[in-house]
Protein chains: 2
Amino acid sequence: MGCILASTTYEEQFKNFLKKNNLKFTKERREVLRAITIQRDHFHAEDIYQQLRKQKSNVSLATIYRTIPLLIDSGLIKGTIYGGERVVYEKVYNKPHHYHMVCLNCGKIIEFICPDMEVIQNNICRNNIFLSTEYNLEIKGYCQDCRRKMMNEKKEQKIQ
Amino acid sequence: MGCILASTTYEEQFKNFLKKNNLKFTKERREVLRAITIQRDHFHAEDIYQQLRKQKSNVSLATIYRTIPLLIDSGLIKGTIYGGERVVYEKVYNKPHHYHMVCLNCGKIIEFICPDMEVIQNNICRNNIFLSTEYNLEIKGYCQDCRRKMMNEKKEQKIQ
DNA sequence: ATTGTAATTGAATATCATTCTCAATTACAT
DNA sequence: ATGTAATTGAGAATGATATTCAATTACAAT
Ligand SMILES: [Mn+2]
Ligand SMILES: [Mn+2]
Ligand SMILES: [Zn+2]
Ligand SMILES: [Zn+2]
């Protein structure tokens, strides 16, 4: 289990944040943090809980929910997709800013980077004297696979 | 109470949608629809309920929640801002597509139009063979007023 | 106008992600 | 080692939204 190398800086970042705010670096917080470094791109609060149970850790869901805002404020994760039944989070530390396409049929999330968009957004904020902390672009629709499936279903209907 | 002129096309649109789907144009649905035409830019489900109570209408909250998806599917409203405690809706019929800045301090919502962004989004969807039904850009941050207030508070702290 | 029937309604209840309460425990500065 | 404020888990609370069900209603066909 020697795969925690990359998380060292994660942990440093988190520790610094906690110290700065008179908060304690507890066993539970460390375990939540590590569970997150293991998660793939996008995850729910519940995913962290399941991850920890797999690892025989007994951190409660309450503590996970209490830790999430700390991880957000320390710049390690952020809430990405709202409006479903539960919030989707993702790691942001050392990851380039990007946007999302969400398939309404299969739920797939497609990421994309768009420097042009960033420029436009900065201009808009400057023009409106608005201090932005977060840009969030979400394109909802249907992915390539689902479009294919839907077209095939239509064909079959016509044949019958 | 002769101020329902502008809602005629709203009502037509809704009636057409309902007929197309074997749904009935009930007294309650008409009242919800009219309550919505009266709402200002952005509103919650609860706002509709309050509006109707003011007008001595007894449409239940359950019916309002059941009517909202119908209004969305008929192209009259859409959910705009998620992630707060409740969903923010807005009218979209005959309204140009636009984006939002949300102040994290006072909750103010600032709308803006951006044709350049639309072009970029269309390109991205084409490149990914993604069929978009909805673009949603939300910029979170702090509005001009709140920034002023925060700066003044800082000054006062220094003086004390 | 009457009738048949599927759609709709309000009231109450359920859902379910997230937050809160509180007594017991713990991190960590001194 | 000690003091104290922060933290924890368990369970209860919250609150927006969804669902159940028996009674009502819209409306197409007669
Ligand atoms: Mn992502
Ligand atoms: Mn708007
Ligand atoms: Zn898909
Ligand atoms: Zn503000």
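All values below were derived from every heavy atom in this structure, side-chain atoms included, with hydrogens, water molecules and symmetry-related copies excluded. Residue numbering restarts at 1 for every chain, and letters A, B, ... go by the order of the sequence lines.
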Heavy-atom side-chain contact between [X] and [Y] under 4.5 Å:
| X | Y | result |
| --- | --- | --- |
| B:Ile113 | B:Pro115 | yes |
| A:Tyr89 | A:Lys78 | no |
| B:Ile120 | A:Ile120 | yes |
| B:Phe112 | B:Leu137 | yes |

Taking atom [atom2] of [N] as reference, at what distance in whole Å does atom [atom1] of [X] sit?
| X | N | atom1 | atom2 | result |
| --- | --- | --- | --- | --- |
| A:Glu28 | C:dT26 | CD | C1' | 9 Å |
| A:Asn58 | C:dT26 | CG | P | 13 Å |
| A:Ile68 | C:dT18 | CD1 | C1' | 10 Å |
| B:Phe25 | D:dC27 | CZ | C1' | 14 Å |
| A:Lys20 | C:dA29 | NZ | P | 16 Å |
| B:Gln50 | D:dA16 | CD | P | 12 Å |
| A:Glu31 | C:dT26 | CD | P | 13 Å |
| A:Asn22 | C:dC28 | CG | P | 11 Å |

Given the rule in the salt bridge (Lys or Arg N to Asp or Glu O under 4.0 Å) test, do B:Asp41 and B:Lys91 qualify, once you have shown the distances and angles that lead to the verdict? CA-CA 7 Å; B:Asp41 288 354; B:Lys91 291 172 265 184; over 6 Å; no
Does a donor on one side chain and an acceptor on the other come within less than 3.5 Å for A:Glu90 and A:His98? yes
Does the side chain of A:Tyr99 come under 3.5 Å of the side chain of B:Gln121 through a donor N or O and an acceptor N or O?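 No donor-acceptor contact under 3.5 Å links the two side chains.
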With side-chain contact (heavy atoms from CB on, under 4.5 Å) as the test, would you mind laying out the steps for B:Gln13 and B:Asn16 before giving the verdict? CA-CA 5 Å; B:Gln13 177 97 352; B:Asn16 286 341; 5.8 Å; no
Closest to the [X] side chain, choosing from [options]:
| X | options | result |
| --- | --- | --- |
| A:Thr26 | C:dT8, D:dA6, D:dT8 | D:dT8 |
| A:Arg29 | D:dT7, C:dT18, C:dT8 | D:dT7 |
| B:Val87 | D:dT17, C:dT18, C:dT9 | D:dT17 |
| B:Thr63 | D:dG9, C:dA27, C:dT9 | C:dT9 |

Lys/Arg-Asp/Glu bridge criterion (N-O < 4.0 Å) met for B:Glu111, B:Lys95: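 Judged by the 4.0 Å cut-off on N to carboxylate O distance, B:Glu111 and B:Lys95 do form a salt bridge.
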A:Lys108 and A:Asp145 ion-paired at < 4.0 Å: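 The answer is yes: the pair qualifies as a salt bridge.
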Just call it for A:Glu46: base, sugar-phosphate, or nothing, with non-hydrogen atoms closer than 4.0 Å on any strand. nothing
Work out how much the helix from C:dA1-D:dT30 to C:dT30-D:dA1 bends between its end axes, five pairs an end, to the nearest 10 degrees.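 Roughly 40° between the end axes, to the nearest 10°.
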By nearest nucleotide on DNA chain D, pick out whichever of A:Ile64 and B:Lys19 is the more 5' one.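 Mapping each residue to its closest nucleotide by heavy atoms, the 5'-most match is A:Ile64.
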Between the protein and nucleotides 19-22 of chain C, which nitrogen or oxygen pairs come in under 3.5 angstrom?
from   : atom 1 : to      : atom 2 : distance (Å)
C:dT21 : O4     : A:Arg66 : NH1    : 3.2

Check: B:Lys27 side chain, D:dA26 base, donor-acceptor under 3.5 Å: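 Under the 3.5 Å cut-off, the side chain and the base do not form any donor-acceptor pair.
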